[in-house]
Engineer: 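Handing you this structure, nothing more for now.
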There are 2 protein chains.
Amino acid sequence: MPTTTVRHAVLEVLRATGMTTIFGNPGSTELPFLGDWPNDLRYVLGLQEASVVGMADGYARASGHAAFCNLHSAAGVGHALGNIFTAARNNAPLVITAGQQARSLLANQPFLGASEAANFPKPYVKYSVEPARPEDVAPAVAQAFRVAMQRPRGPTFVSIPVDDWGMAAVAPAARTPLGDMAPDPLLLMQLAAALAASARPVIVAGPEIDEEGAEILALAERLRAPVFTSPFASRLCFPESHPLFAGHLAAAPEAVSAALAGFDLVLVLGAPVFTFHIVGECALFSGGVALWHLTTDGEAAARAPVGMGVPGSLRLGLPALTALLPEASRAAPPPRIRPPAPPPAFPLPPGHVLARLHALLPPGTVVMEEAPSHRPAMHAHLPFEAWGSFFTMASGGLGYGLPGAVGVALAKPGTRVVCLIGDGSLMYSVQALWTAAQHRLPLSVIVLNNAGYGAMRAFSRVMGTRGAPGIELPGLDFSEIARGHGVPAARAERPEGLDEALRWVLTSDGPALLDVALDQGVAKLYREKDEA
Amino acid sequence: MPTTTVRHAVLEVLRATGMTTIFGNPGSTELPFLGDWPNDLRYVLGLQEASVVGMADGYARASGHAAFCNLHSAAGVGHALGNIFTAARNNAPLVITAGQQARSLLANQPFLGASEAANFPKPYVKYSVEPARPEDVAPAVAQAFRVAMQRPRGPTFVSIPVDDWGMAAVAPAARTPLGDMAPDPLLLMQLAAALAASARPVIVAGPEIDEEGAEILALAERLRAPVFTSPFASRLCFPESHPLFAGHLAAAPEAVSAALAGFDLVLVLGAPVFTFHIVGECALFSGGVALWHLTTDGEAAARAPVGMGVPGSLRLGLPALTALLPEASRAAPPPRIRPPAPPPAFPLPPGHVLARLHALLPPGTVVMEEAPSHRPAMHAHLPFEAWGSFFTMASGGLGYGLPGAVGVALAKPGTRVVCLIGDGSLMYSVQALWTAAQHRLPLSVIVLNNAGYGAMRAFSRVMGTRGAPGIELPGLDFSEIARGHGVPAARAERPEGLDEALRWVLTSDGPALLDVALDQGVAKLYREKDEA
């Protein structure tokens, strides 16, 4: 059996699995891996580990393929854990490795030594190991790849002692990827019968549809059923100008119950049942409505408080289900009426800015969004149509969007990427601007700047609280910050010139940032405390 | 028994324990705690959680009193975990709380819900809990304070569901702080006898001395023993111009063994035995030398591979030990000769810049350092004298120094604080500049800018590696970045004008940043691979 080093065995695993872009931030415990870096692998440096993991997540989700990260022992993993949490909620397939001190030093708490290294990233990794022997490192990386890619996808972790890299090892045999599991055909037949007998079915579509490339259009059209998107979906769930599109469910039990009231069968596809942000009575769960739940995430199916769970791949399940269904004879529901765009005004209304962006967005653009308080305006005025054209995060953890957008741009050379981001959000991982500049990515960063944590202002009304500190963000100049990272920048404050500024940022050669000063009116995210 | 709410009970605990400055970054799960914020508590906002925890650590260590953090559920805790690791290694007493989703939502993985919330920050917290009932929240915060303050100090964690704040509770009775444990008097007598019989004793002094305010000078002078500082000490261990000061031990087994060779008794005070960064043979451990180890950290005492451990407080132990010792009659060792400062040159030599800084540093200044590749130059040309005048981090985790300096400045109103930081280091937690600007802190940020990760360049020589990616950092303009955060900035490139620039940054009204472009010559941190 041919013998090589751990380092060469791991590099062979990276090549065999197609993980040829490496996202990292280096330290001394990673140097023996990084020295004599081979030309066929691309190393993408992030200046903080939250950016490193965010970039890898964007890259993995936009490419549909696991991305590889190399972090610095405990301190680097620690900085990364916010975005590892987000990667878990995003179902982003990641293989995250971290350096560890030399095995001979570990007994006596060395500098840079990680304590219980494999426990540290838990519970937000699907697999976590510090291999017992150097020769187990390359097989562990190969295993982490397979686990990360298995649905539901997610991050994995391998801790690698620094002295392992030069040790003798055997390169693991390349394995073909694992297949997906199909839903039980008998359950699909029962579901088809229930749908055929239903007078008023409704679909709730989730992000697994975009991830799997699953065929939902044929199913929805055959059923003539309205389609809502699931709360906090991390990617496009249904084309938002399609006549069957009914709108976005809010993450509130009352709102979900109200939107789905009057239907006699709720079909949830590729989303949890349901992701809630605020408490409340969920009349839907106690009303006895028939709920069917197709998802690749068996744990989410088990967790759902009501309904018939049908675990399995949507890619395999949706065409099979559609084939079992007769063409519905009912009238299609009336299409959703989107509100008219707000007229230009000073200060700039968010809805107006988003409507102008919608008008000017070049075809083929991919948008990454992290602007929580502007979700209602975005849902009204910036519909997305194409599969793979929209990403955000499912976790609620800010600091993902900007590096996520950088990762999308790295995964899709030649594609214009727009990062639509709040001023508060931008600051959590502002360091990712530098990586965008170094790689000259066609990235348009549009800061929806309301000079504060807008979602906190909105939430204060939902909860009926006043006088909370830490919500206002004065004194930040995003143009200077961007230029300091090597990204050209401009600011838009008035409706005159807005189109020109948007055209400038949308056609930049390399990254550019447009800081848009908005009306600071408070958005309505949920039912507010003083409403009857 | 008077009944109040969980929120008021926790606010009373904060007042009773003196944790009246709160470091935070808010989200919806913290709003019921933050609403109607009382005037007698100060809320300090950080724009990223690594900055929040770093500020709290600097504040706690400079004040000697636990600091309180309030973070945002899983995403905020995740971003914070790099600096929580550093706080553990720094023995920084912290009470870290985080929001959690409402108890009624937790069963079904809600938005912003933390899974296994109390496990997530492990293993780098001393105590971690999500209280079983709302009424247990305030007692848990009080308990976290006591555990954090007990030596060896460190971070603690309490996860608080959002709906707990309004529930009924009883404010816990205020408790007096716990006492310290003294070393076993019999062991101190045995140690005194060994020291009296020793011909050539040597002291290795650690950061617990500064933390405890322990009297090492009288002991060292009575013994006439040379004093080295322990590797990677997180604060001053001994006045560095004192005639008995012998230098800084490097974190390498061979270097420690060589420095301590020829002594017949090694007395390690308030530091581990020893913190190593690189592997090697530690001849000291196999040479049969008598090693005595006084430390407040019983775990570190147990972990030490050799020596007689004497666990207990140095504040109580050192005066007791000194009282048992006769005045030594041996000649004092010759004082350390510091090398002359390098002459002015272009590009600027780091040693020259640090020597000029030393000459110009106003009395009473506190320095926070995070510039790993400039440690040798700092040790040679920037000696510290006063207790509490120097801080750095013990973990190796970059991204602590800038927020740590902000925390020191908040803890010591009216004191000039200098943050001496590498360009790579600065970028991990650059967001802390904004907090310094908002609070108009007298903080002088001096960027020792070698346009790359200098420690990685140096380490490449130690390990004999070449061609590693991710080490060069071109294209960053720190002046623009600083101004974007509201901090005035200047750049120094030549020896002419260096003093003027240093004077400007050292006397700023509010924070200021000086970007010093340095000679990029590679520092020698350890024995290099190609040395004989």
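Sequence lines set the chain letters: A, B, ... in the order given, protein chains first and strands last, and positions in each chain run from 1. Values below: every heavy atom of this structure, side chains too, minus hydrogens, waters and symmetry copies.
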Engineer: Which atoms of Ala458(B) come close to chain A, meaning under 4.5 Å heavy atom to heavy atom: side chain ones, backbone ones, both, or neither?
Structural biologist: neither

Engineer: Tell me whether Glu370(A) contacts the main-chain N or O of Gly399(A) through its side chain, where contact means a donor paired with an acceptor under 3.5 Å.
Structural biologist: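 Yes, the answer is positive, given that a donor and an acceptor are paired below the 3.5 Å cut-off.
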
Engineer: Check whether Pro474(A) gets within reach of chain B through its side chain, its backbone, both or neither, counting any heavy atom under 4.5 Å.
Structural biologist: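 Both the backbone and the side chain of Pro474(A) come within 4.5 Å of chain B.
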
Engineer: Side chain, backbone, both or neither: which part of Leu105(B) has an atom under 4.5 Å from a heavy atom of chain A?
Structural biologist: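 Side chain of Leu105(B) only, per the 4.5 Å heavy-atom cut-off to chain A.
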
Engineer: Taking side chain as everything from C-beta outward and backbone as N, CA, C, O, which of these in Ser395(B) sits under 4.5 Å from a heavy atom of chain A? Side chain, backbone, both or neither.
Structural biologist: backbone

Engineer: Measuring heavy-atom distances to chain B, does Ala394(A) have an atom under 4.5 Å in its side chain, in its backbone, in both, or in neither?
Structural biologist: backbone

Engineer: Tell me, which pairs form a salt bridge (Lys or Arg N to Asp or Glu O under 4.0 Å) where one or both residues lie in residues 103-114 of chain B, sequence neighbours left out?
Structural biologist: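 Listed by first then second residue: Arg103(B)-Asp164(B).
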
Engineer: May I ask you to name which of Gly475(A), Ala102(A), Ser115(A) has the most heavy-atom pairs under 4.5 Å with chain B?
Structural biologist: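 Between Gly475(A), Ala102(A), Ser115(A), the count favours Ser115(A).
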
Engineer: Heavy-atom cut-off 4.5 Å, strictly under: side chain, backbone, both or neither for Tyr428(A) against chain B?
Structural biologist: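 Both parts, backbone and side chain.
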
Engineer: Only pairs of heavy atoms separated by less than 4.5 Å count here; which of Phe33(B), Phe276(B), Phe274(B) has the most with chain A?
Structural biologist: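 Top option by heavy-atom pairs under 4.5 Å: Phe276(B).
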
Engineer: Identify which part of Pro469(A) has an atom lying under 4.5 Å from any heavy atom of chain B, answering side chain, backbone, both or neither.
Structural biologist: both

Engineer: Give, as side chain, backbone, both or neither, the part of Phe232(B) having an atom under 4.5 angstrom from any heavy atom of chain A.
Structural biologist: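 The answer is the side chain of Phe232(B).
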
Engineer: Report which part of Leu398(B) has an atom under 4.5 Å of a heavy atom belonging to chain A: side chain, backbone, both, or neither.
Structural biologist: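 Backbone only.
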
Engineer: Does any heavy atom of chain B fall under 4.5 Å from the side chain of Ala74(A), the backbone, both, or neither of them?
Structural biologist: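 Ala74(A) touches chain B through backbone and side-chain heavy atoms alike.
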
Engineer: Name all residues meeting the salt bridge (Lys or Arg N to Asp or Glu O under 4.0 Å) criterion together with Arg440(A); count only those two or more places apart in sequence or in a different chain, and write none if there are none.
Structural biologist: Asp509(A)

Engineer: Below 4.5 Å from any heavy atom of chain B, which atoms of Phe85(A) appear? Answer side chain, backbone, both or neither.
Structural biologist: side chain

Engineer: Contact part of Gln438(A) toward chain B, heavy-atom cut-off under 4.5 Å: side chain, backbone, both or neither?
Structural biologist: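 Side chain only.
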
Engineer: For Val44(B), is it the side chain, the backbone, both or neither that has a heavy atom under 4.5 Å from a heavy atom of chain A?
Structural biologist: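 Interface part for Val44(B): neither.
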
Engineer: Once rounded to the nearest 0.5 Å, what's the spacing between atom NE2 of His79(A) and atom CG of Asn83(B)?
Structural biologist: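 The CG atom of Asn83(B) is 5.0 Å from NE2 of His79(A), to the nearest 0.5 Å.
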
Engineer: Please classify the contact of Ala107(A) with chain B as side chain, backbone, both or neither, using a heavy-atom distance under 4.5 Å.
Structural biologist: backbone

Engineer: Using heavy-atom distances under 4.5 Å, tell me whether Ile22(A) contacts chain B through its side chain, its backbone, both, or neither.
Structural biologist: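 For Ile22(A), there is no contact with chain B at all, as no heavy atom is under 4.5 Å.
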
Engineer: Using every non-hydrogen atom in the two residues, find where Glu116(A) and Pro123(B) come nearest and quote the distance to one decimal.
Structural biologist: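 That would be OE2-CB, 3.5 Å.
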
Engineer: Mind checking the OG-CG spacing from Ser73(A) to Leu112(A)? Nearest 0.5 Å is all I need.
Structural biologist: 4.5 Å

Engineer: Heavy-atom pairs under 4.5 Å with chain B - which of Ala75(A), Gly35(A), Ser28(A) has more of them than the others?
Structural biologist: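 Of the candidates given, the most pairs with chain B belong to Ser28(A).
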
Engineer: Roughly how far apart are Leu31(B) CG and Ile471(A) CD1, rounded to 0.5 Å?
Structural biologist: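 Leu31(B) atom CG to Ile471(A) atom CD1 measures 5.5 Å (nearest 0.5 Å).
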
Engineer: Given that the side chain runs from C-beta out, which part of Gln109(A) has a heavy atom under 4.5 Å from chain B: side chain, backbone, both or neither?
Structural biologist: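 Both backbone and side chain of Gln109(A) come within 4.5 Å of chain B.
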
Engineer: Would you please indicate if the ring centroids of Phe120(A) and Tyr124(B) are separated by under 6.0 Å?
Structural biologist: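 Between Tyr124(B) and Phe120(A), which both carry aromatic rings, the centre distance is below 6.0 Å.
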
Engineer: Let me confirm one number: the CG-CH2 distance from Leu45(A) to Trp434(A), rounded to the nearest 0.5 Å.
Structural biologist: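 So the CG of Leu45(A) and the CH2 of Trp434(A) are separated by 4.5 Å.
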
Engineer: Could you look at Val77(A) and say if it's the side chain, the backbone, both or neither that has a heavy atom under 4.5 Å from chain B?
Structural biologist: neither

Engineer: Below 4.5 Å from any heavy atom of chain A, which atoms of Met463(B) appear? Answer side chain, backbone, both or neither.
Structural biologist: side chain

